[in-house]
Amino acid sequence: MSSIPANLRYNDSHEWVLDNGDGTVTIGITDHAQEALGDVVFVELPEVGRNLAKGEEFGVIESVKAASDLYAPLAGEIVEVNETLEEAPETVNEAPYEGGWIMKVRVEDTAAIGTLLDAEAYQAVVDSDA
């Protein structure tokens, strides 16, 4: 079973959110999601400057087994994308919570971070998927 970091927040479509403490968040996919996908071969990164609505599709992650849409856990403006993933998409498999992050977003409402799932609630989602 994969570990679920307690310092992050989650949504039920398996994206994680790290509050950077400066009005921005870092977003990636969970260890559970990368495990389910298998070897990641391509990550479609969103455009910097794009405004996202909560729940809006912002990209696609493809593995040898499947392609999966990525959904914004929070509304805000994309301020940075992880360009490393263009050359090394497997970083998502190797370090989903560190080097495998996908984008950073300046959130519209930082209080909304608290509405996302905590590690315990996300574990329940993972368990119900099993």
Side-chain angles (χ1 to χ4, degrees):
M1 184 166 94
S2 58
S3 73
I4 297 174
N7 64 319
L8 303 176
R9 292 295 197 157
Y10 305 87
N11 67 0
D12 55 13
S13 56
H14 307 290
E15 288 85 15
W16 58 261
V17 174
L18 171 66
D19 184 346
N20 297 322
D22 62 358
T24 68
V25 295
T26 303
I27 296 171
I29 67 165
T30 65
D31 188 44
H32 173 75
Q34 71 79 21
E35 243 170 51
L37 279 167
D39 294 336
V40 173
V41 294
F42 177 74
V43 180
E44 177 190 83
L45 296 170
E47 293 282 318
V48 171
R50 179 173 158 198
N51 284 302
L52 294 170
K54 179 180 168 86
E56 182 180 344
E57 184 185 317
F58 68 81
V60 176
I61 191 162
E62 293 178 17
S63 70
V64 292
K65 292 197 294 195
S68 184
D69 293 331
L70 299 167
Y71 298 97
L74 297 163
E77 179 191 352
I78 300 168
V79 293
E80 188 180 346
V81 295
N82 187 354
E83 292 176 359
T84 304
L85 301 182
E86 291 177 348
E87 299 296 321
E90 67 279 1
T91 309
V92 171
N93 296 116
E94 294 161 1
Y97 300 115
E98 291 89 28
W101 62 276
I102 295 169
M103 66 177 178
K104 295 186 180 181
V105 172
R106 183 168 315 289
V107 289
E108 282 177 10
D109 176 13
T110 53
I113 298 166
T115 66
L116 296 170
L117 303 173
D118 63 15
E120 193 175 324
Y122 179 67
Q123 181 67 60
V125 170
V126 170
D127 292 346
S128 72
D129 280 357

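For the single chain, residues carry numbers from 1 onward in sequence order.
Checked by atom type, the side-chain pair Thr26/Asn20 shows a donor-acceptor distance below 3.5 Å. Looking at Glu90 and Asn93, their side chains never bring a donor and an acceptor atom within 3.5 Å of each other. No donor-acceptor contact under 3.5 angstrom links the side chains of Tyr10 and Thr30, judged on distance only.
The hydrophobic cluster containing Ile29 does not contain Ile4, counting ILVMFWY residues as joined when their side-chain heavy atoms lie under 4.5 angstrom apart, directly or transitively. Transitive grouping of hydrophobic side chains (ILVMFWY, heavy atoms separated by less than 4.5 Å) brings Leu37 and Ile27 into a common cluster. Neither Ile113 nor Tyr71 shares a network with the other; the hydrophobic side chains, linked directly or stepwise wherever heavy atoms of I, L, V, M, F, W or Y lie under 4.5 Å apart, form separate groups for each.
Checking side-chain atoms of Tyr97 against main-chain N and O of Asp31 turns up a donor-acceptor pair under 3.5 Å. No donor-acceptor pair under 3.5 Å is formed between the side chain of Trp16 and the backbone N or O of Leu8.
The shortest distance between side-chain heavy atoms of Phe42 and Val40 does not fall below 4.5 Å. Residues Glu86 and Leu45 form a side-chain contact, since some pair of their non-hydrogen atoms from C-beta on lies under 4.5 Å apart. Counting only heavy atoms from C-beta outward, the side chains of Ile102 and Phe58 approach each other to under 4.5 Å. Looking at heavy atoms from C-beta onward, Leu18 lies out of side-chain contact with Val25 at the 4.5 angstrom threshold.
To the nearest 0.5 angstrom, Ser128 atom OG is 10.0 Å from Gln123 atom CD. Here the CG atom belonging to Leu85 is positioned 7.5 Å from the CD1 atom belonging to Ile61, to the nearest 0.5 angstrom. Remark: Thr91 OG1 to Glu87 CD distance equals 10.5 Å, nearest 0.5 Å. Arg9 contributes atom CZ, which lies 9.5 Å from atom CG of Asp19 (distance to the nearest 0.5 angstrom).
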Derivation and outcome, side-chain contact (heavy atoms from CB on, under 4.5 Å), residues Val60 and Val43: CA-CA 6 Å; Val60 176; Val43 180; over 6 Å; no
Full working for side-chain contact (heavy atoms from CB on, under 4.5 Å) between Leu74 and Glu15: CA-CA 10 Å; Leu74 297 163; Glu15 288 85 15; over 6 Å; no
Thr24 vs Val105, side-chain contact (heavy atoms from CB on, under 4.5 Å): CA-CA, chis, key distance, verdict: CA-CA 5 Å; Thr24 68; Val105 172; over 6 Å; no
Val125/Asp127 under side-chain contact (heavy atoms from CB on, under 4.5 Å): CA gap, chis, key distance, verdict: CA-CA 5 Å; Val125 170; Asp127 292 346; over 6 Å; no
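Nearest heavy atom pair, residue Pro73 against residue Leu116, reads O-CD2, 3.6 Å. Here the closest heavy-atom approach between residue Met103 and residue Pro46 is recorded as SD-CG, 3.8 Å. Closest approach of Ala119 and Ala6 over heavy atoms only: CB-CA, 3.9 Å. Of all the heavy atoms in Ala72 and Ala53, the pair that sits closest is CB-O, 3.6 Å.
Listed by first and then second residue, the side chain to side chain donor-acceptor pair (under 3.5 Å) pairs involving residues 51-64 are Arg50-Glu56 (not counting sequence neighbours). The list of ring-ring contact (aromatic ring centres under 6.0 Å, His included) pairs with a residue in residues 72-91, not counting sequence neighbours, is empty.
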Sequence neighbours left out, cut at 3.5 Å: what donor-acceptor pairs do the side chains of residues 76-84 make with other protein atoms?
from, atom 1, to, atom 2, distance (Å)
Asn82, OD1, Thr84, N, 3.2
Asn82, OD1, Thr84, OG1, 3.2
Asn82, ND2, Gly99, O, 2.7
Asn82, ND2, Trp101, O, 2.7

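Between His14 and His32, the ring planes are tilted. Angles from 30° to 60° get that label.
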